[in-house]
S.K.: 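Let me give you the structure first, and then I'll get to my questions.
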Amino acid sequence: MKLPHTHSLRARLLLFLLVAVVATALLQAAVAYRAALAEADALFDIQMRQMALSLSPGMPEGGQLVPSDGSGDQYDFLIQVWTSDGLSLFQSTTHATLPQRAVLGYSTIQARGTTYRLYSFDTGSQVIQVAQDEQVRQAMAAKLALRTVLPTVALVPLLMLLVWWVVSSSLAPVTRVRQQVAAREADELGELAEDQLPDEIRPLVHELNLLFGRVTQAFEAQKNFVADAAHELRTPLAALKLQVQMLRRAADERSRDIAINRLNAGIDRASRLIEQLLVLARQQSGTQTQSTPADLGATLGLVLAELAPAAQARQIHIDSQISPATWVSGQVDALQILVRNLVDNAIKYTPTTGRILVAVLTEDGPPRLEVHDSGPGIAPADRSRVLDRFYRVAGSEVGGSGLGLAIVKTIADAQQAQITLDTSELLGGLRVRVEWPTSVLPLAPNGSTQAS
């Protein structure tokens with residue numbers, strides 16, 4: 001049986017339960033009919049045998065046929081008596097066409113367009129045969145089955161009313177949650193109440209609350225990005241406008257070249273600031289792709305190759321110490337940004353002809369990335385603040401947006417890594433360490449475990 005398709009959970013439950021109730025009633029009727037038919041067969045078989053035994057004293061040989069006006073056709077039982085020679089002594093109806101010889105005992109035959117149940121008994125001198133149309137038995141079994149099922153059929157409306165009440169009560173929490181969501185404003189992203197919810201609905205509401213939290217985080221990141229961009233772009237844009245005015249006022253070629261160079265430098269700084277703002281917004285929004293195993297050593301090698309020209313331009317020597325196959329859990333692009341910002345900061349703040357040491361270490365603890373430089377370092381009082389957005393150490397002569405380390409901290413937090421700033425015992429400047437806890441270390445792609 002193919003049920004009609006509906007998108008209503010309530011309608012589907014009611015429809016399936018109605019079908020189940022009707023199917024159960026039909027099954028009960030079939031079982032009751034089979035049981036009643038078996039009881040009727042046993043009862044009528046005993047009655048046929050008793051009737052045959054009651055006629056066993058016999059009838060006088062050569063007795064006359066009992067006249068019949070045809071009303072005997074309506075009798076439940078057909079009775080025939082023969083002598084041992086086959087002479088008919090008695091039959092209950094003139095229209096009987098049942099066989100005159102039958103198997104002794106119980107048997108079933110087809111005659112007169114229907115099926116008969118027979119019982120034949122041999123007294124020695126006579127054969128007594130009692131027959132009954134099986135339709136009589138079937139009709140009686142149907143009546144008995146109907147009497148059994150009729151109370152259930154009468155209770156079906158009451159049962160369906162009870163089912164409707166149970167379904168409606170069970171789905172009430174879904175309606176309540178829907179009403180809570182529908183009544184909310186567009187900017188209302190607080191958690192939905194999870195109390196007194198069925199076990200089947202509570203996980204859905206819990207996931208909705210987690211989704212609301214992620215959306216709230218994304219909205220906050222967007223608001224922060226707009227506020228930060230509006231605040232930080234105001235100064236460089238004003239400087240660019242001033243430099244354009246100076247370019248217009250340039251009286252000679254030399255003044256014009258100086259103004260153009262300053263304008264290009266200002267555009268580069270504004271572009272760098274916008275790029276850093278976009279990176280920070282993307283990392284803070286929580287929309288990064290799923291974490292995958294990333295080779296920290298290979299990532300550092302790519303970054304060093306990318307920044308080598310900048311280091312060579314300032315005659316800065318970079319040493320590296322990389323443990324092979326150092327796998328950490330993190331989005332690959334974000335990990336490259338983290339490493340690039342640390343090395344780029346070290347290059348910017350290291351004096352000309354200075355030294356930088358970058359290392360990926362795994363011995364004596366979990367995997368960690370260390371960047372040492374021979375620059376001025378950062379005073380202990382400023383080390384926690386330089387991780388905030390737009391904070392710059394007072395008196396620094398190196399230009400920047402104050403976002404580099406803030407981006408590093410955001411990525412490290414997303415990867416559950418810890419970042420610490422200290423004085424480098426090797427080079428005397430700043431040492432930045434990023435350490436990944438062993439609890440979040442992945443398996444390498446070949447299935448081997450992370451070395452520790």
S.K.: Taking CZ in R49 as the centre, count heavy atoms belonging to other residues, nucleotides or ligands within less than 6.0 Å. Is the count above 12?
M.R.: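 Atom CZ in R49 is not packed in, count stays at 12 or less.
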
S.K.: At their closest point, which heavy atom of Q416 faces which heavy atom of P437, and how far apart are they?
M.R.: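 The pair with the smallest heavy-atom distance is O-CD, 2.9 Å.
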
S.K.: Any heavy-atom pair between the side chains of L342 and L405 that's under 4.5 Å?
M.R.: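 Yes. Closest side-chain heavy atoms under 4.5 Å.
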
S.K.: Looking at E253 and R256, does any basic side-chain N land under 4.0 Å from a carboxylate oxygen?
M.R.: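 Answer for the salt bridge query: yes.
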
S.K.: Identify whether the distance between the nearest side-chain nitrogen and carboxylate oxygen of R433 and D422 falls below 4.0 Å.
M.R.: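 No salt bridge links R433 with D422.
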
S.K.: Taking NZ, NE, NH1 and NH2 as the nitrogens, is one of them in K348 or D373 under 4.0 Å from a carboxylate oxygen of the other?
M.R.: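 A salt bridge is absent here (no side-chain N lies under 4.0 Å from a carboxylate O).
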
S.K.: Verify the neighbour count for atom CZ of R368: are there more than 12 heavy atoms of other residues, nucleotides or ligands below 6.0 Å?
M.R.: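 It does: R368 CZ has more than 12 such atoms within range.
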
S.K.: Please determine whether the number of non-hydrogen atoms from other residues, nucleotides or ligands lying under 6.0 Å from atom CE of M160 exceeds 12.
M.R.: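 Buried by this count: over 12 neighbours within 6.0 Å.
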
S.K.: Mark yes when over 12 heavy atoms from residues, nucleotides or ligands other than Q418 sit less than 6.0 Å from its CD; otherwise mark no.
M.R.: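 Open: at most 12 neighbouring heavy atoms sit under 6.0 Å from CD of Q418.
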
S.K.: Do other residues, nucleotides or ligands put more than 12 heavy atoms under 6.0 Å from R314 CZ?
M.R.: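 For R314, atom CZ is crowded (more than 12 foreign heavy atoms under 6.0 Å).
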
S.K.: Do W164 and L17 have side chains that approach each other closer than 4.5 Å (heavy atoms only, starting at C-beta)?
M.R.: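 W164 vs L17: side chains apart.
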
S.K.: Between Y349 and I378, is the side-chain contact (heavy atoms from CB on, under 4.5 Å) condition met? List the steps.
M.R.: CA-CA 10 Å; Y349 288 91; I378 299 177; over 6 Å; no

